Amino acid sequence: RMRGFNTLWMPGTDHAGIATQTVVDKRLQQEGKPALKEYKQQELEGKDGRGQFIARVTAWKDEYEETITNQLKEMGCSCDWDRQRFTMDDQCAKAVREAFFQLFKDGLIYRGKRLVNWDPVSQTALADDEVEMQEIDGNFYYMKYPVCDAQGNLTGEFATVATTRPETMLGDTAVAVNPSDAPRAKYIGQFVRLPIVNRVIPIIADDYVVIPLTDADAERSEASGTPIDNKAKMASGFLKVTPAHDPNDYEIGQRHNLAIINVMAPDASISFAYGWPVEKCTENNTDLEALIGLSREEARKAVVKWFKANDLMAEVKPYRHAVGHSYRSHVPIEPYYTDQWYVKVTDDKLRGAALRAMANNQREQSDDGSFKTDEQGELSFTPSRYAKTFQTWHENIRDWCISRQLWWGHRIPVWFVAILSPNGRDSELILRKYLAEVGLEDQVVIRKPETHSFLEVCTHSQEVDLALGYLGTFRQKPLVSVREEELESDRNQILKQAPKLSSVEETAKSIGEFLSFSEQDPDVLDTWFSSALWPLSTMGWPDNTPELAKWNPTSVLCTAREIITLWVSRMVMFNRYFKHGDLPFKDVFIHAMIQDGHGQKMSKSLGNGVDPMDIIHSHGADAMRYTLTKITTQTQDVRLPVDMVDPHTGETFTPEYITASGGVKVAAPEQTYKGKKMVSSYGVASGKARPTDDAPLARNSSEKFDEGQRFANKLWNAFRFALANLENLSGSPRRDGVGFADAKGLALADRWILNQLTKTIGAVDSALREYRFSDYATAVYDFFWRDLCDWYIEIVKRTVKESPAQQQVLATCLDASLRLLHPAMPFITERLWQALNSQVPAAWRGLAGFELKPSEMLIRAAWPKADSALLDTDAERDFELIRTIIIKIREARTAYKIPPRQEVQATTQAPAPIASLLLTNRNITQPLTGCIGRGVGPHVDRPANSAAVLVGEVTVYLHDVVDAQTEKARLTKLLADKEKQVKTLDGRLSNAKYVSSAPAHLVQETRDQHAAAIRELEQVQQQIAELG
RNA sequence: GGGCGCAUAGCUCAGUUGGCUAGAGCAAUUGGUUUACACCCAGUAGGUCGCUGGUUCGAGUCCAGCUGCGCCCACCA
C-alpha cells in the first residue's frame, strides 16, 4: 500500500462447521442447558429445534468472532474493517447456492451411496483430509469359517480368515481367495456358513487377496536378507469381505456384485435397522440377538468370546497398525455406507484446471504423462517445494464428499420431491408445470436419480424454496431417512390421510392433479465449500461487481501448509471454473509455523497456544509483530518456549509441565509460584481447572519477544535524543548538490550513513518482494541500531546541533527508518512520525536522490526510494577503515585495562593519503577511542612504552600504556596468528589447480590477501624488533 | 508404506546459484551511568556445522548411505 499499489486486506471468519457445532453442543451440555440431543428431539416433535440450536451456535460464534476480530485490531492489522465478512453471511450464502447450482447443472455434483469416513460421535461424514491416522495396538484375529455347499451343508473343512475387526463379520457377504494361491484356489466356488449369523456366502476369486508367506518363503527371505512383507506374514489367504464396512471390501464387492450389508446404526452400534435383511437369521438365534445394540467395541469382545467358546478362534496375534480417527471427536472412523453429495473434482475442468494453473518451472512432468500441457501457468508457491504438495494432491485426488450431517452450515440447496400422481402422469412434468405456474421454472435443475423414487431438485432461488416448501408442509418425516421399502406404505398412508389435509395440500391439488411431498436435504455443506468460494463470494460474485473486477484475480495468498489441499486447491479449482479460467491469486506464500517450547504444534483445543493479547499485555503489539516478523523464516518451524506470568505479582516464571493424553507436553492445569496458586490456559481449555479469585487464570508470555520490545525502546530513545538535536532548525536546508553525485559537500560519516540507508532500502525491497520477511526485519534493525545509533549518532552527537548538514542527514535517516518500519511496528512509528512532523519541516527531510514525500500520517505515507546510483563505495571503504581502527584501539584499551575515561596520547603511522584521511576525520576517531592525536604521517617514531595497534597499513601507537615485556608478549602472539594466516594463503596459491580452476577474481583476491598478510607480518616483526 | 523437510555456539534460529577467518538475538563473562537509551554502551569467551563416505582446487552448502526428529499423504486383513 505504501508503494502505491491497489491493495486490499479483507478480514473474515469461517464457520468451521464440525468444530463449532461440537464445541457449542459440549458447552450446552456442561452448562446443563438443552443441547443438540434435546433440539433433535424437538425437531422430531415438529418444533423448530434446528432453528433454536442454530441460534445458540450463532450467539457463540458472534462472541468468538468478536474475540478474533479484536485480537486482529489490537495487533494493528490494517484491514478494510468495513468489508469484514463471514462465510455464512447473506452474500456468501448467495455465492454458495449459485456455485452449487452451477456445478449441479453441469453434472459436477452428484449424490451417491458410498462408503464414507463416518464419525459415530458427531454422526457426520468426514472428508479424507479430516481423518487423522493414529498408530493403535490391536490384534489380528484368525477366525475359522466352516466350509459348506450352496445349501449350507458343512464339508468339515474350515476357511480361516484374518481380521483386525472381528465385529464386522456380521456383515460379511463373501470370502475371497487369490486365484494364484495354489493351496487355497480349490475352495473357489465353494461356500462358507458365516458363524453366528448362519448366512451362506460364496468363496470368490480376487487377486487383491494377499497370498500368505509359507514358512519356507519366510526362511528364504530371511536368509537372503530381503525384507518380509508384513501383510504376507500376517495373512491367512482367506479374506473376509465386508463391503459395508471396509473400503477395500467395498471395491471387491463392486467387482463381484456382492450384497452390501450394513450392520451398524449411525452411532456404530450393532443394528438391524440400517440395511440388514434380518428375517432369516434372527429366527431362534439368541446369539445374534444378544449382539444387537452393543457398541462396536463391545460387539468385538462378544464376537471374539463367541468364536473362542465355539472353538472357532484359531489364533490371536498382537498387531500395531494405523487407524483413522476423527480429527474432531478423536474416535476411530467407521467406514459407513450412506448417501452423500460429491463434487466431481476428478473432472478435468476442476483437477486438470488446477494442475494446468501451476507455474511451468514448478510443475513436474507426471510419471504417466498425464496432465501434459502447454499452458503457461501462473500459480507459484513460496517456498517452491510446496508446489509438489499441490501437484501430488491433485494427481491422486478423489471425488470430494461435501455433505455433512450437521445443522451448522450452508444447507444443501436440493429438495427431494415425490409426487403421487393418481393417473400415473410423469411426476417431473407435473412439477415443472407447478413451477411454471408460479414463474420459477428456469430456477431449478431437476434430476431423477436411479436409486430413488423421488426427484432431486436443485435451486439457487429462495422463492423456489418457498414454492417447494408448500408441497411438503404436511409431511413430517424427512424423506432421506425413509428406506425404499417404506415408501410404498408411506404413500398409502398419506393417501388415506388425504381428506384431512390442510389448505396447503389443496393448493398443491389445485395446481395439478397430484399429491406431493418434499423435503430439503437436511444436511449442510462442508465448510471448505464456502471457504473455497472466498475470493469470489467476498467480492460480490455471482454479481458483476466493481470489487470483483478489481480484486479477482489478486496477487498473493498467505497461508499455512496444512491447508494447501483443503483450501488452496479448492479455491484454485472453483475460481478457474466459475470465472472463466481466472486464478484467484498468483503467488501462494506458505509461512513457517510457531510451535510451543517442546516443538509441538500449537492448538486451541490443547491449550498450548499463546493468546496474542497476552503478548500484547507483556510486550506490546509492536514488539510482538516485529519479533514474529523476525523469527518466521522460510525453512524451519520455530520453537517458542512459553513462560507464565504470575497474576498475583506480574513476575514471569517457567510453568510446571505434565504429559497430557496423546503424549503431549502441556502446562499443568494448576500452577503454584511462590506459594500462590493460579490456573493455566491448558487447564481452562481442557476443563481441568477453573479460575477463581484465589487462583486466577495466568497469562502467558515469552522471552522471545524481548528483542522486539528492546528494539521499540531503542527507537523511542533514539528519537528522543535526535529530536532534541533537531530543535529550532535555522538556515535553509540543502536541496541539491548534496547528493552523492557531489559528495564533497558532505563529510565522510554523512556520506557513509546515506550509503547504508540506500543499501538498506534496496535490501528491504528485495526481501519483501521475495517474501523473506525475516531478512526485512533484520535489515532495518541493523541499519537503525547498528549503523545509525551505534555509529552515526555517536559520531555527530557533539556537533549535530550546530551543523545543518548533519541535521538534514539525521532527519533523512529518521524519516526513512519510520517508513521502512511502519509495516512491522505501526503504533510506535506513527507516534514518532507525529513528533518528527511537528518538529522537522519536510524541507529538512530528504536529499537529492532520496525521495521522501511528506505525509501527515505515516500510515498514508509513501515508501522511501533511494537512487541506487547514489551508492558511495569510496565512503564505504574509507569509513570501514576508520571503523576498524576504532574497534582495534578499543580492543587494545580493554586488553591493557586502560580505564575507559582515561585519555590516551596517540601517534599514527600511515601512508600519506590515509594519513590525510585520518587527519580529516579525527573528529570521528578521537571521541570514539578516547585518544588525543599527537601526530600522524608516513614516518613517526615509536614512543616509549606504547602499544602498537595494527590495521593494514596503519599503525597506531598508544603512549605510555604498557611495559615492553607485556607488549612483546602480545605482539608475539599476534605474530603467530599472522604466520598461520600467511601459511594458509600460501598453501592456496601454491596449489596450481586452484590458481588455474578458481575464478580469476577469487585468485586475485587471495593474492591481495596474501600480500596484505605478509605486509602485516613484517610490520609485527618490525614492532617486535623495535621493542628490542 | 509413500512424500516433504529438519539436525550449525548453552538456548532459539540465519547462512541466497559451493569461495567462510561460520553469523544474529538470548544466556554467560569483563568493564562502564555528570543527561537518548542498564530494555543501554564498550569488550571477551563459546562451534572438528548429527555420523560415515564421495564429487571438487575448495563442502555448513552438492551426492550417497546411516542415526535422530517433525510434518503431510496412505485402501484400518
Side-chain angles (χ1 to χ4, degrees), chain A residues 115 128-129 131 133-134 136 138 140-142 161-165 176 208-210 230-231 234-236 238-242 245-251 319 321-324 332-333 335 383 385-386 388-389 392-393 396 561-562 564-565 593 595 597 599-601 623 627 630-631 633-641 703-704 706-707 709-725 766 770 772 774-775 778 781-782 789-790 793-794 797 887 890-891 893-895 897 899-901 928 977 980-981 984 988 991-999 1002-1003 1005-1006 1009:
Chain A
L115 272 193
D128 290 345
D129 4 274
V131 177
M133 303 310 285
Q134 286 178 28
I136 295 292
F140 244 119
Y141 297 93
Y142 294 82
V161 299
T163 180
T164 56
R165 297 203 51 198
Y208 171 78
V209 181
V210 176
N230 207 26
K231 268 190 182 174
M234 302 299 283
S236 72
F238 292 101
L239 175 68
K240 62 190 274 305
V241 184
T242 324
H245 294 280
D246 184 290
N248 299 316
D249 295 6
Y250 178 78
E251 300 280 323
Y319 185 60
H321 59 130
V323 177
I333 291 300
R385 69 187 122 99
Y386 292 113
K388 185 158 186 168
T389 306
T392 312
W393 162 257
N396 301 311
R561 59 174 176 264
E562 61 192 3
I564 290 173
T565 56
M593 311 258 294
Q595 302 170 329
Q600 308 168 133
K601 201 159 111 180
T627 306
K630 177 83 178 280
I631 67 179
T633 54
Q634 314 261 316
T635 49
Q636 200 166 323
D637 291 342
V638 185
R639 257 176 291 248
L640 185 79
E703 284 185 350
K704 270 278 176 184
D706 291 355
E707 187 178 354
Q709 193 176 28
R710 286 177 177 141
F711 189 38
N713 184 63
K714 187 71 180 178
L715 278 170
W716 186 259
N717 285 307
F719 267 80
R720 215 150 60 89
F721 173 76
L723 290 175
N725 286 286
S766 64
E770 292 160 28
R772 289 182 285 109
S774 176
D775 290 347
T778 307
Y781 180 98
D782 285 345
C789 291
D790 287 357
I793 290 180
E794 287 303 318
K797 73 195 307 179
I887 289 169
R890 283 171 174 172
E891 280 173 20
R893 289 188 67 123
T894 304
K897 298 198 187 336
R901 316 202 55 192
L928 296 192
D977 285 352
K980 196 178 155 197
Q981 200 181 338
T984 306
R988 203 174 293 173
N991 181 338
K993 279 197 168 173
Y994 171 72
V995 177
S996 61
S997 333
L1002 267 171
V1003 177
E1005 194 180 294
T1006 309
Q1009 283 171 353

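Every chain is numbered from 1 and lettered A, B, ... according to where its sequence line falls, protein lines coming before strand lines. This is a predicted model, so every value here is computed, not measured.
In this structure, A:Arg165 and A:His245 approach most closely via the heavy-atom pair NH1-O, 4.2 Å. Of all heavy-atom pairs between A:Leu115 and A:Tyr250, the closest is CD1-CB, 3.5 Å. A:Ser774 and A:Lys630 get closest at one heavy-atom pair: OG-O, 2.7 Å. Taking all atoms of both residues into account, the shortest heavy-atom contact from A:Leu239 to A:Asp249 is CD2-OD1, 4.4 Å. Residues A:Ile631 and A:Leu640 share a closest heavy-atom pair of CD1-CD1, 4.5 Å. Of all heavy-atom pairs between A:Lys601 and A:Met593, the closest is CD-CE, 3.7 Å.
Spacing between atom OH of A:Tyr994 and atom C1' of B:rG19 amounts to 7 Å, rounded to whole angstrom units. Counting to the nearest Å, the P atom of B:rA36 and the CZ atom of A:Phe721 are 6 Å from each other. Taking atom OH on A:Tyr781 and atom C1' on B:rA24, their separation rounds to 8 Å, with Å as the unit. The separation between A:Asp246 atom CG and B:rC76 atom C1' is 7 Å, rounded to whole Å. Here the P atom of nucleotide B:rC37 and the CG atom of A:Asp790 are 15 Å apart, to the nearest Å. Rounded to a whole Å, the CD atom of A:Glu703 is 13 Å from the C1' atom of B:rC39. Straight-line distance from the NE2 atom of A:His245 to the P atom of B:rC75: 18 Å, rounded to whole Å. Protein atom CG of A:Leu928 is 12 Å distant from nucleotide atom C1' of B:rC41, rounded to whole Å.
With hydrogens and angles disregarded, a donor-acceptor distance shorter than 3.5 Å links the side chain of A:Asn396 to the backbone of A:Thr392.
Using a 4.0 Å heavy-atom cutoff across all strands shown, A:Glu562 reaches no nucleic acid atom at all. Across all strands shown, A:Arg561 has heavy atoms under 4.0 Å from sugar-phosphate atoms exclusively, and none from any base. The residue A:Pro899 sits apart from the nucleic acid: no heavy atom pair falls under 4.0 Å. Base engagement by A:Gln709 is indicated by at least one non-hydrogen atom pair under 4.0 Å involving a base atom. Heavy atoms of A:Arg893 sit nowhere under 4.0 angstrom from any nucleic acid atom. Residue contacts shown for A:Asn396 are absent, as no nucleic acid heavy atom lies under 4.0 Å away. A:Asn248 comes within 4.0 angstrom of a nucleotide base, judged by non-hydrogen atoms across all strands.
Both A:Glu1005 and A:Lys240 lie near RNA chain B, and the one whose nearest nucleotide falls closer to the 5' end is A:Glu1005. Mapping A:Lys993 and A:Gln981 onto RNA chain B by nearest heavy atom places A:Gln981 closer to the 5' end of the strand.
Taking 4.5 Å as the limit, some side-chain heavy atom of A:Tyr781 sits within range of a side-chain heavy atom of A:Glu707. Side-chain contact between A:Ile793 and A:Phe721 is present, with at least one heavy-atom pair separated by less than 4.5 Å.
Partners of A:Asn717 under the side-chain hydrogen bond (donor to acceptor under 3.5 Å, both in side chains) rule, at least two apart in sequence or in another chain, are A:Asn713, A:Arg720. Judged as a side-chain hydrogen bond (donor to acceptor under 3.5 Å, both in side chains), and not counting sequence neighbours, A:Arg988 has no contacts. Qualifying side-chain contact (heavy atoms from CB on, under 4.5 Å) partners for A:Arg772, counting only residues two or more places apart in sequence or in other chains: A:Gln634, A:Ser766, A:Ala767, A:Glu770, A:Asp775.
Within 3.5 Å, no donor on the side chain of A:Glu707 pairs with an acceptor on the base of B:rA24, nor the reverse.
In terms of phosphate contacts, A:Lys601 brings a side-chain nitrogen or oxygen within less than 4.0 Å of OP1 or OP2 of B:rC72. Between B:rG32 and A:Arg890, no contact under 4.0 Å exists linking OP1 or OP2 to a side-chain N or O. Between A:Arg710 and B:rC40 there is a side-chain polar atom (N or O) within less than 4.0 angstrom of OP1 or OP2.
Rounded to the nearest Å, the gap between the C1' atom of B:rG50 and that of B:rA7 is 6 Å. If you take atom P in B:rU52 and the same atom in B:rC57, they sit 23 Å apart, rounded to whole Å. Nucleotides B:rU34 and B:rU21 place their C1' atoms 42 Å apart, quoted to the nearest Å. Atom name P, nucleotides B:rC6 and B:rU17: the rounded distance is 14 Å, in whole Å. Annotation: B:rC26 and B:rA14 have their C1' atoms spaced 14 Å apart (nearest Å). Between B:rG43 and B:rC4, the two P atoms lie 47 Å apart (nearest whole Å). Across B:rC63 and B:rU16, the matching P atoms stand 14 Å from one another, rounded to whole Å. Here, B:rC40 and B:rA27 have their P atoms 9 Å apart, quoted to the whole Å.
Here the side chain of A:Ile793 is nearest to one of B:rU44, B:rC57, B:rA36, namely B:rA36. Closest contact between the side chain of A:Pro999 and the listed nucleotides B:rA36, B:rC57, B:rG19 involves B:rG19. Counting only heavy atoms from C-beta on, A:Asn713 has its side chain closest to B:rC39 among B:rG43, B:rU34, B:rC39.
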Between the protein and nucleotides 1-4 of chain B, which nitrogen or oxygen pairs are less than 3.5 angstrom apart?
unit_1, atom_1, unit_2, atom_2, d
B:rC4, OP1, A:Lys388, NZ, 3.2

Using a cut-off of under 3.5 Å, enumerate the N/O to N/O pairs linking the protein to nucleotides 11-17 of chain B.
unit_1, atom_1, unit_2, atom_2, d
B:rU12, O2', A:Lys704, NZ, 2.6
B:rC13, OP1, A:Asp637, O, 3.3
B:rC13, OP1, A:Arg639, N, 2.5
B:rA14, OP1, A:Thr633, OG1, 2.4
B:rA14, OP1, A:Thr635, OG1, 3.0
B:rA14, OP2, A:Gln636, OE1, 3.4
B:rA14, O5', A:Thr633, OG1, 3.4

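Helical stems of RNA chain B (runs of at least 3 Watson-Crick or G-U pairs, donor-acceptor distances under 3.5 Å) are listed by first residue: B:1-7 with B:67-73, B:10-13 with B:23-26, B:28-32 with B:40-44, B:50-54 with B:62-66.
The residues A:Lys797 and A:Glu794 are annotated as salt-bridged, a charged nitrogen and a carboxylate oxygen being separated by less than 4.0 angstrom.
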Next on the checklist: Working note: A:Gln1009 + A:Gln981, criterion side-chain contact (heavy atoms from CB on, under 4.5 Å); need CA distance, chi angles, decisive distance, verdict.
Outcome noted: CA-CA 9 Å; A:Gln1009 283 171 353; A:Gln981 200 181 338; 6.0 Å; no
Checklist entry - Is there a side-chain contact (heavy atoms from CB on, under 4.5 Å) between A:Arg890 and A:Leu928 once you walk through the steps? => result CA-CA 9 Å; A:Arg890 283 171 174 172; A:Leu928 296 192; 3.9 Å; yes
